[in-house]
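Structure record follows, encoded as structure tokens.
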Amino acid sequence: MEIRNADQNWLAARNLVPRWGLWASGLVNLLVLAITAIALWWIFFSNSGIFKLYTPLLGFSLVIWMLLVIMWHVEFFDFWPFTNRFLAESHPLKKGGIFTTTSLLVYFTLIFGVLFFIIGKYGVTYFNWNSLATYGQLGQDVMSTRETTSWSFICLSVPFLWLTTVLLVGVGKDIWPNDPQPAQGLANWLLMAMLSIPLFLIFFHPHIGSMFYPAQIYTAVPPWWKQIAQTNSAEYGLGILFCTVIVIFISLQLWEGRPWTLVKKQPWRVLFVALGGLALGYALFSFQLYIMDYLWDEAYIGGQNDANFGWRYSHTVTMGNFILVPAIILNLYFGSAFSSMKLWLKGILTTGIAIIAGLVFAWCYYRWAPVVLGVCSGVSHPSENPSAFLVMIIVLLNIQDYFMDRWPGYRVDHTGTEK
């Protein structure tokens, strides 16, 4: 088994080139992505499909944790235990199948093996819907308790996602630069997990405790953000942290990591990413709320659907993802079309394209998704959460890029590439 050092990174070494020319290759990949996304949705998520995982929170929790597992495998562990030779010589379909299967196994082991069956059964009730029904004696049916548990999974994922992003961009390999895998990946993962759990307890656990009647004040303090957000809902913190992740991801895709790459020294870089990212994320979050106030008037306490504070906070995540998906597609499939431009011009132009494409995507989704995907119609329907579909697309884009070298539209040019 290969012991890989930090500087032996397959993603940095590979050279991907279009198979049939830039635009043809990009359009082929876009078509494959669309067909795959719709097919998987109907098989696994749609309520008219086979597995019916879109409840909607169960489906959302599944795809967001799957995204995290993929990020950890690639960025923290550098594909360990697979060797660079395997990565360079294996067919993209073979790699895609193996890595996707291993990611699913890690997901089921972590979320259902540890969180659901162990912690949810013997420790924290809301992490297991069977425990909620058995011990809570709340008269809830299986669907209701499953949504509560799925919401708990989502809440736990958000600080994990935010800190994973901050560490990847702000720290990278700086803490343990010379440690081989898997020691380096495990050290980074444990650091991220150690910091994420307190954030979950502070920003999300109070809301979950307040969801029950009577509120579980002996194990969860009343939501301390209520006076700020006008709601008990943790969707306030979820919106800010997720918008921060979206802003950082867009900067990586369209701005070549600027402004984060401008700061080189630690700890200033990680502080810059964490605080600067939060500032930009909060700006995106607040700007979207201003637009919603303009379109639908102000939300109010007790409001339903689009007049509800919690729904508006979570809808900032949805609209941010509508923009993030085209940004990733633009970079992965058509990025070299803008490579000769100055960075500032490229960033402004591609960001503008991503915003326009995202708004068009959102309009098409709400107009045609009830037919194409079998979801409920309406922007604020309580059984509808487009972020589940959007994050699933991001997962597929990551699989295609990280695991399959952007096959079929792209191929690895081995000229000058170390195997």
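Of the possible polar contacts, one joining the Trp224 side chain to the Ile202 backbone as a donor-acceptor pair under 3.5 Å is found. Using a distance-only test at 3.5 Å, with no hydrogens or angles considered, no donor-acceptor pair links the side chain of Asn385 to the main chain of Pro56. Checked by atom type and distance alone, the side chain of Trp42 pairs as donor or acceptor with a backbone atom of Val372 at under 3.5 Å. Remark: the backbone N or O of Arg406 is paired with a side-chain donor or acceptor of Asn29 at under 3.5 angstrom. Put simply, the side chain of Gln288 never gets that close to the backbone of Tyr313: no donor and acceptor are under 3.5 Å apart. Judged by distance alone, the side chain of Arg14 and the main-chain N or O of Val412 form no donor-acceptor pair under 3.5 Å. Between the side chain of Trp65 and the backbone N or O of Phe153, at least one donor-acceptor pair lies under 3.5 Å. In this structure, Ser210 contributes its side chain and His207 its backbone to a donor-acceptor pair below 3.5 Å. With Ser336 contributing its side chain and Ser339 its backbone, the two residues share no donor-acceptor pair below 3.5 Å. Between the side chain of Glu75 and the backbone N or O of His73 there is no donor-acceptor pair closer than 3.5 Å.
Nearest approach of Leu68 to Ser157, heavy atoms of both residues: CD1-O, 3.8 Å. The two atoms that bring Phe309 and Ala299 nearest to each other are CZ-O, 3.4 Å, heavy atoms only. Contact record, Ile250 with Leu324: CG1-CD1, 3.8 Å, taken as the closest heavy-atom pair. Across Leu373 and Ser46, no two heavy atoms sit closer than the pair O-OG, 3.6 Å. Residues Leu397 and Leu332 approach most closely at O-CD1, 4.1 Å, considering heavy atoms. Scanning both residues, Met392 and Leu40, for their nearest heavy atoms gives SD-CB, 4.4 Å.
Under the 4.5 Å side-chain criterion, counting only non-hydrogen atoms from C-beta, Tyr236 is in contact with Phe285. With contacts defined as side-chain heavy-atom distances shorter than 4.5 Å, the pair Phe361/Leu390 qualifies. In this structure, the side chains of Leu191 and Val171 stay at 4.5 Å or more apart for every pair of heavy atoms. Side-chain contact check for Trp296 versus Arg312: some heavy-atom pair is nearer than 4.5 Å. Within the 4.5 Å cutoff, the side chain of Met292 has no heavy atoms near those of the Asp306 side chain. In this structure, Ile50 and Phe44 have side chains that are not in contact, with every pair of non-hydrogen atoms separated by 4.5 Å or more. The side-chain heavy atoms of His315 and Val379, taken from C-beta on, include a pair separated by under 4.5 Å. No side-chain heavy atom of Val245 sits less than 4.5 Å from a side-chain heavy atom of Leu241.
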**OP:** Applying side-chain contact (heavy atoms from CB on, under 4.5 Å), run through Phe200 and Phe160 and close with a yes or a no.
**Re:** CA-CA 9 Å; Phe200 165 76; Phe160 273 74; 6.0 Å; no
Original post:
ring pair (Phe, Tyr, Trp, His ring centres under 6.0 Å) between Tyr126 and Phe212: does it pass, once the steps are laid out?
Top reply: CA-CA 10 Å; Tyr126 57 67; Phe212 307 102; 7.2 Å; no
**OP:** Any chance you could lay out the side-chain contact (heavy atoms from CB on, under 4.5 Å) test for Trp407 and Val32, step after step, and finish with the verdict?
**Re:** CA-CA 10 Å; Trp407 183 91; Val32 170; 5.9 Å; no
Subject >> Met192/Asn188 under side-chain contact (heavy atoms from CB on, under 4.5 Å): CA gap, chis, key distance, verdict >> reply: CA-CA 6 Å; Met192 177 274 305; Asn188 281 313; over 6 Å; no
**OP:** Check the pair Leu11, Tyr402 against side-chain contact (heavy atoms from CB on, under 4.5 Å), reporting the backbone distance first and the verdict last.
**Re:** CA-CA 8 Å; Leu11 295 181; Tyr402 291 151; 3.7 Å; yes
Subject >> Derivation of the ring pair (Phe, Tyr, Trp, His ring centres under 6.0 Å) call for Trp129 and Phe116 >> reply: CA-CA 8 Å; Trp129 53 73; Phe116 185 86; 4.7 Å; yes
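Of the options Trp80, Trp10, Phe403, a ring-ring contact (aromatic ring centres under 6.0 Å, His included) to Phe99 is made by Phe403 and by none of the others.
Atoms CD1 and CD, on Ile329 and Gln253 in that order, are 10.5 Å from each other to the nearest 0.5 Å. For the atom pair CG (Leu67) and CD1 (Ile393), the distance works out to 13.0 Å, reported to the nearest 0.5 Å. Interatomic distance, CD of Gln181 versus CG of Asn9, reported as 9.5 Å (0.5 Å rounding). Rounded to the nearest 0.5 angstrom, Phe117 CZ and Ser131 OG are separated by 10.5 Å. Rounded to the nearest 0.5 Å, atoms CG (Asn398) and CD1 (Ile328) are 6.5 Å apart. To the nearest 0.5 Å, atom CD1 of residue Ile246 and atom CD1 of residue Ile394 are 7.5 Å apart.
In this model, a donor atom of one side chain and an acceptor atom of the other lie less than 3.5 Å apart for Thr164 and Trp72. Counting only N and O atoms by type, the side chains of Tyr410 and Gln400 include no donor and acceptor under 3.5 Å apart.
The number of heavy-atom neighbours closer than 6.0 Å to OH of Tyr282, taken from other residues, nucleotides and ligands shown, is 12 or below. In the displayed structure, Phe287 atom CZ is contacted under 6.0 Å by at most 12 heavy atoms of other residues, nucleotides or ligands. Around NZ of Lys52, the count of heavy atoms belonging to other residues, nucleotides or ligands within 6.0 Å exceeds 12.
Among residues two or more places apart in sequence or in another chain, the ring pair (Phe, Tyr, Trp, His ring centres under 6.0 Å) test is passed with Trp41 by Phe45, Tyr54, Phe389.
Contacts classified as side chain to side chain donor-acceptor pair (under 3.5 Å) and involving residues 256-276 (residues at least two apart or in different chains) are given here: Asp174-Gln266, Ser251-Trp260, Glu256-Lys346, Arg258-Thr261.
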